[in-house]
Colleague: 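My structure is below; once you've seen it, I'll send some questions.
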Amino acid sequence: MNFVKRAGLSLRARKVRTAVLLGIFVVICTLLLGGFLLQGATARQEADAQRTIGVDVTLKGKALTPALADRLGSSPQVHRYNPRLPIEAGARGIEPLESDVPRPRGDRSGAKTPRPLALNGVRDSGLLLPFSYGSNKITAGRGVTPEDAGRRVAMVEKRLASKNGLKVGDTIRALSADGKSTVPLTVVGIYRDSTPDPTRWSPPHLLPGNTLYVPVRAAQQLSPGTGDLAEAVFRIGSPEQAEQLHAEARRLLGTGPFDFRVNDKAYKDQVRPIQRVGTFARLIVQLIALAGALILGLIVMLQIRERRDELGMLLSLGEKKWKLIGQHTVEVAAVALSAVALAALAGQIAAQQAGDALLGHQESASLPRPRSPDAVADSPEMRVQPSDLGKVAGIGLGISLVSTVVPGIGILRLHPRSILTDSE
């Protein structure tokens, strides 16, 4: 009789033992699938964190210009970047804020200045630290985005907007540094700066309410002679990429001195706990595979001892020993494949609960974090992929092979006459 057919008959004849073996395999495959699902979820969440949180690198240098910042921002490791060009400008048609504190007597530094507004030319206001961490909040409209590069738009502080009755869509006029030209700016956003007004008298351009954010090109139009940036912030995927960006900055800026600072606190707060969960899931998979092979190996070994009479009878009829080992392997493999199908149903629910508990706890423990509209989702999605089922099936078959072949070595040492004599 074919040993594969004989394996099927043996499984049906021993229903209780088959059910026990199936239950053990279902538990093993479910835990394996849950580990792979958790690994996949952590990998996706880590990629999202690298894209939305990332690592901020601040670059300062005398030779840093908007053109060089654009070239450095086009590097493959840079996700987003924001140069900052601070200038002073005059106001036309609006009344800037004035300090409520009287000017000290004899202090000529408070003489009326023709440039009361402090403008910051930026590319992406969302990368500015006050907006990233929420100390500055947009109360109406939106911020300055890379799409505004060729536009004349502005973000206005709430105090200045309230004093002049400004709202989103209005137009204000800024006077250039030389006083010869006027640049119209459309208000696209109104923000609130939590910084209070100074307790001592300060000139208008130092008041937080007189700070505007405009695109870099608009700032250059208001101050043509200003070519160097105060700084540029680059968001990269991980701290390991900072060295590559530093080498590229050195190549572009030459031998001159520059300041290169890496701020990876938010990255560590968010990504490192996720990486620890992924490592934990990988260890779980390895331990389950090892423990499953040992447990099933012991079970098969006990079954072989209990079936010595059957094995002796088959050997006396001329059955080859390797076919007896093959029969046990087919029996365990058939149960393993059935368990994979059942584990696919149970694994999704169990892994989702485990992912919510582990990843959700890690996220809550890592607060505070930057506030951004595209922040990482709090609930990781656990999706059963065909590749995950393939891995589980492969490990299950591997466990079947190990748990039957290793105990099956004892079958090779069996002799029909000694088995039958012992049974008598």
Side-chain angles (χ1 to χ4, degrees), residues 52 54-61 64-75 78-89 91 115 117-158 160-161 166 168 171-172 174 176-177 183-195 205-236 249 259 261 263 370-374:
T52 58
V55 175
D56 288 342
V57 175
T58 302
L59 180 62
K60 297 180 181 180
L64 183 60
T65 63
L68 289 179
D70 291 338
R71 292 177 60 184
L72 197 58
S74 63
S75 301
V78 176
H79 297 164
R80 297 167 61 182
Y81 71 99
N82 180 59
R84 187 174 69 88
L85 179 63
I87 64 169
E88 296 177 15
R115 295 177 291 176
L117 299 179
L119 271 65
N120 283 285
V122 297
R123 180 180 184 270
D124 188 351
S125 61
L127 284 181
L128 294 169
L129 194 61
F131 290 95
S132 297
Y133 282 87
S135 58
N136 288 3
K137 294 183 178 180
I138 297 177
T139 59
R142 60 175 179 83
V144 178
T145 65
E147 288 73 22
D148 295 322
R151 303 172 185 171
R152 296 177 175 179
V153 297
M155 287 175 59
V156 181
E157 211 279 330
K158 186 176 181 180
L160 181 63
L166 298 174
V168 175
T171 300
I172 60 176
S176 63
V183 175
L185 301 171
T186 302
V187 178
V188 295
I190 297 175
Y191 73 96
R192 178 178 59 82
D193 191 338
S194 60
T195 305
H205 69 280
L206 295 181
L207 297 177
N210 285 333
T211 301
L212 281 68
Y213 293 95
V214 300
V216 174
R217 191 173 301 174
Q220 290 176 316
Q221 293 174 353
L222 288 167
S223 184
T226 304
D228 295 339
L229 300 173
E231 63 181 17
V233 177
F234 302 89
R235 179 158 295 175
I236 58 180
D259 186 18
R261 283 182 287 181
N263 180 13
R371 301 177 183 177
S372 65
D374 51 357

Colleague: Listed by chain and number, what are the side chain to side chain contact (heavy atoms under 4.5 Å, CB included) partners of Ser74, not counting sequence neighbours?
Modeller: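 Checked Ser74 against side chain to side chain contact (heavy atoms under 4.5 Å, CB included); zero matches.
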Colleague: Below 4.5 Å, heavy atoms only, C-beta onward: do Val153 and Pro215 meet side chain to side chain?
Modeller: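 Yes, their side chains come closer than 4.5 Å.
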Colleague: Main chain of Pro130, side chain of Ser135: is a donor-acceptor contact present, judged purely on distance under 3.5 Å?
Modeller: yes
Colleague: How long is the span from the CZ atom in Arg261 to the CD atom in Glu231, to the nearest 0.5 Å?
Modeller: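 The CZ atom of Arg261 sits 7.5 Å away from the CD atom of Glu231.
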Colleague: Would you say Ile138 and Met155 make side-chain contact, with heavy atoms under 4.5 Å?
Modeller: yes
Colleague: Minimum heavy-atom separation for Ala161 to Ile190, with atom names?
Modeller: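 Minimum heavy-atom contact is CB-CD1, 4.0 Å.
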Colleague: Going by the rule side-chain hydrogen bond (donor to acceptor under 3.5 Å, both in side chains), which residues pair with Asn263 if we only count those two or more places apart in sequence or in a different chain?
Modeller: none
Colleague: Just jot down the salt bridge (Lys or Arg N to Asp or Glu O under 4.0 Å) partners of Arg151, sequence neighbours excluded, or say none.
Modeller: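 Applying salt bridge (Lys or Arg N to Asp or Glu O under 4.0 Å) to Arg151 gives Asp148.
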Colleague: Please list every donor-acceptor pair under 3.5 Å in which a side-chain atom of residues 64-72 meets a protein atom from a residue at least two apart or in another chain.
Modeller:
| unit_1 | atom_1 | unit_2 | atom_2 | d |
| --- | --- | --- | --- | --- |
| Thr65 | OG1 | Leu68 | N | 3.3 |
| Asp70 | OD1 | Tyr81 | OH | 2.8 |

Colleague: Side chains of Ser176 and Gln221: closer than 4.5 Å at any heavy-atom pair?
Modeller: no
Colleague: Would you give the length of the straight line joining atom CD1 of Ile87 to atom CG of Leu119, rounded to the nearest 0.5 angstrom?
Modeller: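 Here the interatomic distance stands at 5.0 Å.
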Colleague: For Val216 and Pro83, which heavy atoms make the closest approach, and how far apart are they?
Modeller: CG2-CG, 4.0 Å
Colleague: Distance check, rounded to the nearest 0.5 Å: Leu85 atom CG versus Asn120 atom CG?
Modeller: 8.5 Å
Colleague: Just how far is it from atom CZ of Phe234 to atom OG of Ser75, taken to the nearest 0.5 Å?
Modeller: 8.0 Å
Colleague: Looking at CG of Asp259 and CG of Leu59, how far apart are the two atoms once the value is rounded to the nearest 0.5 Å?
Modeller: 8.0 Å
Colleague: How far apart are the C-alpha atoms of Leu128 and Arg84, what are their side-chain angles, what is the distance that settles it, and do they pass the side-chain contact (heavy atoms from CB on, under 4.5 Å) test?
Modeller: CA-CA 9 Å; Leu128 294 169; Arg84 187 174 69 88; 4.2 Å; yes
Colleague: Restricting to non-hydrogen atoms, name the atom on Ala218 and the atom on Leu185 that form the minimum distance, rounded to 0.1 Å.
Modeller: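 Shortest heavy-atom separation between Ala218 and Leu185 comes out as CB-CD2, 4.4 Å.
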Colleague: May I ask you to decide if Val233's main-chain N or O and Asn82's side chain share a donor-acceptor pair within less than 3.5 Å?
Modeller: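 Flag not set: sc Asn82 to bb Val233 has no pair under 3.5 Å.
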Colleague: To the closest 0.5 Å, what do you measure between CZ (Arg80) and CG (Asp56)?
Modeller: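 The CZ atom of Arg80 sits 9.0 Å away from the CG atom of Asp56.
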Colleague: Scan for side-chain hydrogen bond (donor to acceptor under 3.5 Å, both in side chains) pairs involving residues 208-217, sequence neighbours excluded, and state none if there are none.
Modeller: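 Residue pairs with at least one partner in residues 208-217: there are none.
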Colleague: Please determine whether side-chain contact (heavy atoms from CB on, under 4.5 Å) holds for the pair Leu222 and Val214, giving the CA-CA distance in whole Å, both sets of side-chain angles, and the decisive distance to 0.1 Å.
Modeller: CA-CA 11 Å; Leu222 288 167; Val214 300; 5.6 Å; no
Colleague: Closer than 3.5 angstrom, by distance alone: can the side chain of Ser132 be matched with the main-chain N or O of Gly126 as a donor-acceptor pair?
Modeller: yes
Colleague: Which residues pass the side chain to side chain contact (heavy atoms under 4.5 Å, CB included) test with Leu129, not counting sequence neighbours?
Modeller: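 Tyr133.
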Colleague: Is it true that a side-chain atom of Glu157 and a backbone atom of Asp193 form a donor plus acceptor pair closer than 3.5 Å?
Modeller: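 Here the side-chain-to-backbone pair exists.
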